[in-house]
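Counting starts at 1 for both ligands and their atoms, following the listed order.
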Amino acid sequence: MTQIIDGKAISAQIKDELKEKVAQMKEQGTEVTLAVIQVGADPASSVYVRNKKNACAYIGIRSLAYELPEETTEKELLALIEELNGRKDVNGILVQLPLPKHIEEEKVLNTIHPSKDVDGFHPQNVGALCIGKPGFVSCTPAGIIQLLKRSGIEIAGKECVVIGRSNIVGKPMALLLIRENGTVTVTHSRTKDLKEVTGRADILVVAIGKPKMITADYVKEGAVVIDVGIHRNEENKLCGDVDHESVAPKCSAITPVPGGVGPMTIAMLMNNCVESVALQQN
Ligand code: NDP
């Protein structure tokens with residue numbers, strides 16, 4: 001029987017643990033605060049921002065919302081980030097992406113102080129992950145490690161293959177799997193024989209951005225498959241990068257879409273907010 005990894009339940013469990021931790025911190029006089037900045041009113045971004053605010057409210061994290069108009073200049077945005085960097089009562093700063101075209105994303109993300117970079121995108125945090133030092137880790141791959149651990153799936157010594165090498169999913173995923181003592185191969189659009197490589201994987205993490213591309217012939221019998229992709233199909237239903245129907249019967253465990261990796265991203269963002277307090281005290 002294939003184990004369906006329940007991301008919804010695991011993320012709810014993490015949020016409940018954080019809620020308890022935040023309540024204890026409050027009793028000791030420490031409040032956790034996340035500043036969320038949105039520039040413009042992109043409807044998808046507004047949904048993500050609302051979900052983040054709701055998660056904060058549930059856990060007991062104070063959220064400060066900065067809803068800035070589309071025409072906000074880069075200079076104004078950078079000035080706001082600098083102000084928040086300097087505020088002792090703000091622990092985490094999150095800038096919702098994508099930003100309007102006239103604002104340089106990299107410049108903005110690099111301006112967030114590394115100790116408040118709860119998305120884990122700042123080069124200092126990426127570097128810390130690379131050399132095994134403490135720091136914030138990109139939320140989606142961090143969530144995948146939690147999904148594996150909390151589902152009783154051992155990573156150490158396993159053949160792990162990651163499809164995709166983006167800065168927010170593929171690369172940090174590979175680094176985290178190495179940290180957990182997996183033997184890791186990263187593949188991408190220039191990989192020569194993808195099926196041959198993925199066919200060796202005990203744990204296969206798929207972050208390609210192509211609906212249902214990974215079919216059963218890419219997967220070894222008994223593998224664990226983590227589907228990061230998220231798309232809407234012709235019937236407006238959500239689907240992943242993995243052809244779940246054909247792949248699931250071949251796996252020992254698999255994440256569904258929706259309800260797999262997706263819910264973990266916010267849970268790990270909340271986790272980073274709580275951890276930011278300790279990081280700032282050091
Ligand atoms: P990117 O588009 O940044 O990266 C995609 C990667 O896949 C690239 O490294 C690319 O290779 C590789 N790739 C593309 N085509 C192929 C192919 N035919 N064979 C092998 N590799 C290929 O995407 P992201 O990493 O940002 O996201 C991946 C997916 O995950 C998307 O569907 C996204 O929506 C989803 N996502 C979901 C999240 C969640 O919370 N559930 C969070 C973040 C992303 P190359 O580098 O050579 O171009």
Side-chain angles (χ1 to χ4, degrees), residues 4-12 14-15 42-45 47-52 54-55 94-99 105-106 109 118-121 126 129 136-148 160-177 184-201 204-215 217-219 225-233 236-244 247 254-272:
I4 304 294
I5 299 174
D6 188 346
K8 243 174 146 174
I10 295 173
S11 89
I14 292 173
K15 283 195 249 176
D42 171 61
S45 291
V47 172
Y48 290 134
V49 166
R50 194 173 60 233
N51 290 344
K52 286 166 189 172
N54 289 345
L94 182 146
V95 178
Q96 184 62 46
L97 302 178
L99 287 166
E105 212 164 90
E106 198 179 336
L109 298 179
V118 284
D119 258 336
F121 294 161
V126 178
L129 172 62
F136 293 115
V137 177
S138 179
C139 299
T140 303
I144 292 170
I145 296 293
Q146 286 301 313
L147 279 182
L148 292 169
C160 306
V161 175
V162 180
I163 316 182
R165 55 174 165 182
S166 70
N167 289 339
I168 62 164
V169 187
K171 282 183 202 149
M173 187 73 250
L175 290 166
L176 284 173
L177 290 166
V184 182
T185 306
V186 180
T187 62
H188 43 76
S189 67
R190 307 287 291 273
T191 298
K192 275 208 177 113
D193 188 350
L194 188 61
K195 277 184 192 165
E196 189 272 321
V197 183
T198 58
R200 294 200 299 259
L204 178 63
V205 180
V206 187
I208 318 174
K210 301 231 157 88
K212 297 191 179 182
M213 185 185 131
I214 298 306
T215 44
D217 46 339
Y218 284 86
V219 179
V225 175
I226 305 292
D227 188 356
V228 187
I230 185 149
H231 314 274
R232 286 213 177 262
N233 67 12
N236 205 29
K237 278 199 184 138
L238 290 174
C239 71
D241 288 346
V242 174
D243 179 31
H244 192 90
V247 172
I254 188 167
T255 57
V257 177
V261 173
M264 295 302 292
T265 302
I266 285 196
M268 297 319 289
L269 171 70
M270 297 295 112
N271 181 66
N272 282 352

With heavy-atom distances below 4.0 Å as the criterion, list the atoms of ligand 1 near [X].
{"X": "I163", "value": "20 (C), 21 (N)"}
{"X": "G164", "value": "6 (C), 7 (O), 9 (O)"}
{"X": "T265", "value": "39 (C), 40 (O)"}
{"X": "M213", "value": "17 (C), 18 (N), 19 (N)"}
{"X": "G262", "value": "41 (N)"}
{"X": "H231", "value": "32 (O)"}

What protein heavy atom is closest to [atom], reported as residue, atom name and distance in Å?
{"atom": "atom 29 (C) of ligand 1", "value": "G209 N, 3.7 Å"}
{"atom": "atom 16 (C) of ligand 1", "value": "I208 CG2, 3.4 Å"}
{"atom": "atom 34 (O) of ligand 1", "value": "I230 CG2, 3.6 Å"}
{"atom": "atom 4 (O) of ligand 1", "value": "S166 CB, 3.9 Å"}

- Look only at interatomic distance and state if K210 has a nitrogen or oxygen under 3.5 Å from any nitrogen or oxygen of ligand 1. yes

*What's the verdict on side chain to side chain contact (heavy atoms under 4.5 Å, CB included) for V261 and T140, showing C-alpha distance, side-chain angles and the deciding distance?*
CA-CA 7 Å; V261 173; T140 303; 3.6 Å; yes

Interatomic distance, CG@L269 vs OG@S138, rounded to 0.5 Å, equals 10.5 Å

The answer for which part of T140 has a heavy atom under 4.0 Å from ligand 1 is side chain

Exercise for the section: Verify, without hydrogens or angle tests, whether S166 (side chain) and V169 (backbone) share a donor-acceptor contact under 3.5 angstrom. Expected result: yes

Check whether D241 reaches the backbone of D227 with its side chain - one donor and one acceptor, N or O, closer than 3.5 Å. no

Checking heavy-atom distances from atom 38 (C) of ligand 1 to each of V228, T187, V186, the winner is V228

